[in-house]
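Comments concern the structure below.
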Amino acid sequence: MIRVELPGLMSTVQDLGREGFGPLGVSASGAADPIALRIGNRLLGNTEGAAALELTLVGGTFRFETDTWVSLTGSDFDATLDGEPLTTWTAHPVGAGQVLQMRSTRTGARSYLCVSGGIEVPLVLGSASTHVLSALGGLNGRPLRKGDALRTGPCRPPAARRLNPDMAERLAPRRRLRVTDGLQSDWFIKASQRALFEVSFRVTEASDRMGLRLEGSPIESTSQADLITTGVALGAIQVPPGGQPVIVFVEQQTTGGYPVIANVIAADLASVGQLRPRDAVEFELVSQRTARELILEQESWLGSDHLLLQ
Amino acid sequence: MQPPAEPVVAQFQAASDQTLLVSFGDRIARETHDRVRSLLASLQDEPIAATRNLHPAYCSLLIKFDPLRTTHEAIERAVRDRIVRQGATTPPAGRRVEIPLCYGGEFGPDLIPLAELRHLSVEDLIRTHSQTAYTVYFLGFVPGFAYLGAVPDTIAAPRLSSPRRRVEAGSVGIAGRQTGIYPCAVPGGWRLIGRTPLSLFQVERAPMSLLGPGDEVRFRPIGEDEFARIRQGGV
């Protein structure tokens, strides 16, 4: 059992999401940085998609009521255990009564606190993920509050001790996101398409798990036609009438009516999960073929035996 | 005698590196939508290998797949085969559902401005909206949000130029020739004309969504007393 002494800014229970309920209007949700969640779980010998805590910008304070193992992956939130610094991407033993304190991020937007055996909450549509907007899943469909108690699964000795430092570079979140053409790329004049690829955008404070709102020089659409509502892909870069793009993210709307100028590739979606308000972001166009090669390559190093060290 | 209309050819487009959009034309019409629903039903009954999710809409279906296990080309081939095999099947029939709706007041802040915009009396607007039978085209946007059509031209109106930051659950809005019911409190730009006390989406209920594709929906005007009574009854 874990007791929440301070909940942090926006802390939720997440796993790899609930795919398959698009026909009900339910989007997948799930960890914003699924790579960090998967590695955190693998360090502990959990299944890759075991539920964990996703912490956003400012972590919380957690008291452990049983002996267990934990890992912290994703961004560095300056964590201490009873005052002693804890390294990220490493499995650590925690004793009953010890207090894990997380602070403000030193790097990206999100940190994952994985626990041996995973966090146990009732599954909703097959997943533990919190969908905050529709109050679905996780702990009562909402972010953590002070005083919450989180049940954890049975504890086992960890599978590994730490990430291979040679792999750290591959895990650094990208600020230059690779994208493929969007469904309505041809609605935008060449100059607007160049505007997307030649200047940087800033992530605004109005960004969340549903979408990242960007600001930069407005992107002009040539078509004033109303788009018929259509399914929306994860990572779609929508351009609403004001010309300021929005990256559709994990708690996405399943359908929408804004033109899509480009779409973030699967291999770079975890990097989107680490973007903070005020971060600068750039885009680079790649072909579908390159996008496919990149996700296959990413999955290959993620699955490699050299990823973790004993 | 008129020759039968040529069926619209399915078009395929990569939406992202892990999704393929299948489109049947680009207009809101029963015939094209029936093809979306038939394909959706077929893919739900017998999923294509390595597909992960389906996002139906008016005249398109977005298919999400696992890019590690399949490709756009393989999904397109499988969908083409399925369409051929299916032939001209009609999608499953829907149910008839009556939705009690309390028009105007704080529940429908855009009712009076919309009547003024369309040069109608409020009574005429309510009569037109409630005497029309709507079809549920699909559920999308957020869990249980039903896209209903078609609103008669006389009461159709574009979205608000500036969306509200919060629209309460149960609110009924108009956007173009669509009308819809917000199942949970979310930001939204549809013109709000009233609110229903019914709960549109509950995970612990079977079925979870009050409305499903193909259902025929009518709105029954109710007063605030009945709204409160139904809400209390926990329907």
Side-chain angles (χ1 to χ4, degrees), chain A residues 17-28 124-125 131 133-137 141 178-183 210 225-236 240-241 251-257 260 262-267 269 286-292 294-296 298-300, chain B residues 13-23 25-28 40-41 43-44 47 51-64 66-68 71-72 137-147 158-159 161 163 175-176 178 183-187 201 203-204 207-209 212-213:
Chain A
R18 52 178 70 75
E19 290 284 8
F21 300 96
L24 286 171
V26 178
S27 58
V124 174
L125 301 177
H131 192 287
L133 184 75
S134 58
L136 201 126
R178 290 158 301 189
V179 300
T180 49
D181 270 331
L183 283 173
M210 190 180 184
D226 248 359
L227 188 63
I228 294 178
T229 299
T230 303
V232 177
L234 179 62
E251 259 187 44
Q252 68 167 87
Q253 51 189 90
T254 59
T255 57
V260 174
N263 208 107
V264 179
I265 66 169
L269 288 170
V286 298
S287 66
Q288 291 290 349
R289 186 189 171 137
T290 302
R292 181 171 162 72
L294 288 167
I295 190 69
L296 289 170
Q298 183 178 77
E299 220 39 51
S300 144
Chain B
Q13 194 183 355
S16 71
D17 58 349
Q18 50 182 343
T19 54
L20 180 71
L21 186 75
V22 186
S23 313
D26 57 358
R27 47 170 33 99
I28 299 175
L40 173 67
L43 297 181
Q44 284 179 307
T51 53
R52 306 183 70 192
N53 217 334
L54 302 165
H55 295 206
Y58 287 107
C59 45
S60 64
L61 179 65
L62 183 76
I63 302 174
K64 183 176 185 184
D66 180 353
L68 302 173
T71 60
H72 293 99
Y137 278 90
F138 61 97
L139 304 177
F141 178 42
V142 292
F145 188 104
Y147 284 79
R159 284 175 177 79
S161 54
Q178 318 169 90
C184 56
V186 284
F201 188 85
V203 281
E204 59 274 20
M208 286 176 272
S209 178

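Because the structure is a prediction, the values reported are computed rather than measured. Chain A is the first sequence line, chain B the second, and so forth, proteins listed ahead of strands; every chain is numbered from 1.
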inquiry  = So which residue, B:S23, B:P47, B:G140, ends up with the most heavy-atom pairs under 4.5 Å with chain A?
reply    = B:G140

key: B:L40, part contacting chain A, at a heavy-atom distance under 4.5 Å   = side chain

key: Heavy-atom contact with chain A under 4.5 Å, split by part of B:A146   = neither

task = Among the options B:A15, B:S60, B:P213, B:A57, pick out the one with the most heavy-atom pairs lying under 4.5 Å from chain A.
result = B:A15

message = Whether the side chain of B:H55 engages the backbone of A:T254 through a donor-acceptor N/O pair (distance < 3.5 Å, no angle test) should be reported.
response = yes

remark   = The interface call for B:L62 against chain A, heavy-atom contacts under 4.5 Å, is side chain

task = Against chain B, work out which of A:L294, A:I265, A:V124 has the most heavy-atom pairs shorter than 4.5 Å and name it.
result = A:I265

ask   = Looking at A:G231, A:S27, A:G137, which one has more heavy-atom pairs under 4.5 Å with chain B than the rest?
value = A:G231

remark   = Among A:A266, A:S134, A:G235, the residue with the most heavy-atom pairs under 4.5 Å to chain B is A:A266

ask   = A:Q288 and B:D17: side-chain donor and acceptor closer than 3.5 Å?
value = no

key: Heavy-atom closest pair, residues A:I295 and B:L68   = O-CD2, 3.8 Å

request  = Select one option (side chain, backbone, both, neither) describing which atoms of A:V232 are under 4.5 Å from chain B's heavy atoms.
outcome  = backbone

task = Heavy-atom distances under 4.5 Å only: say whether B:Q44 touches chain A with side chain, backbone, both or neither.
result = side chain

note = Heavy atoms of A:G182 and B:Q13 approach each other most closely as O-NE2, 4.3 Å

inquiry  = Test side chain to side chain contact (heavy atoms under 4.5 Å, CB included) on A:L269 and B:Q18; report intermediate values, then the result.
reply    = CA-CA 12 Å; A:L269 288 170; B:Q18 50 182 343; 3.5 Å; yes

task = Examine distances only and state if a side-chain atom of A:N263 and a backbone atom of B:S16 form a donor-acceptor pair shorter than 3.5 Å.
result = no

note = Sequence neighbours excluded, the answer for side-chain contact (heavy atoms from CB on, under 4.5 Å) partners of B:V186 is A:L133, B:F141, B:V142, B:Y182, B:C184

task = Apply the test side-chain hydrogen bond (donor to acceptor under 3.5 Å, both in side chains) to residues B:Y147 and A:T255: give CA-CA distance (whole Å), side-chain angles for both, the deciding distance (0.1 Å), then the verdict.
result = CA-CA 10 Å; B:Y147 284 79; A:T255 57; 3.3 Å; yes

ask   = Are A:P23 and B:N53 side-chain neighbours, meaning at least one heavy-atom pair lies under 4.5 Å?
value = yes

key: Any donor-acceptor N/O pair, A:R292 side chain to B:P67 backbone, under 3.5 Å   = yes

Pair B:Y137, A:T229: side-chain N/O donor-acceptor within cut-off below 3.5 Å = no

request  = Please name all residues satisfying ring-ring contact (aromatic ring centres under 6.0 Å, His included) with B:F201, sequence neighbours left out, ordered by chain then number.
outcome  = none

Contact class of B:F138 relative to chain A, heavy atoms under 4.5 angstrom = side chain

query = If you count heavy-atom pairs under 4.5 Å between each of A:H131, A:E299, A:R289 and chain B, which one has the most?
reply = A:E299

request  = Let me know if A:E251 has heavy atoms under 4.5 Å from chain B in its side chain, its backbone, both or neither.
outcome  = neither

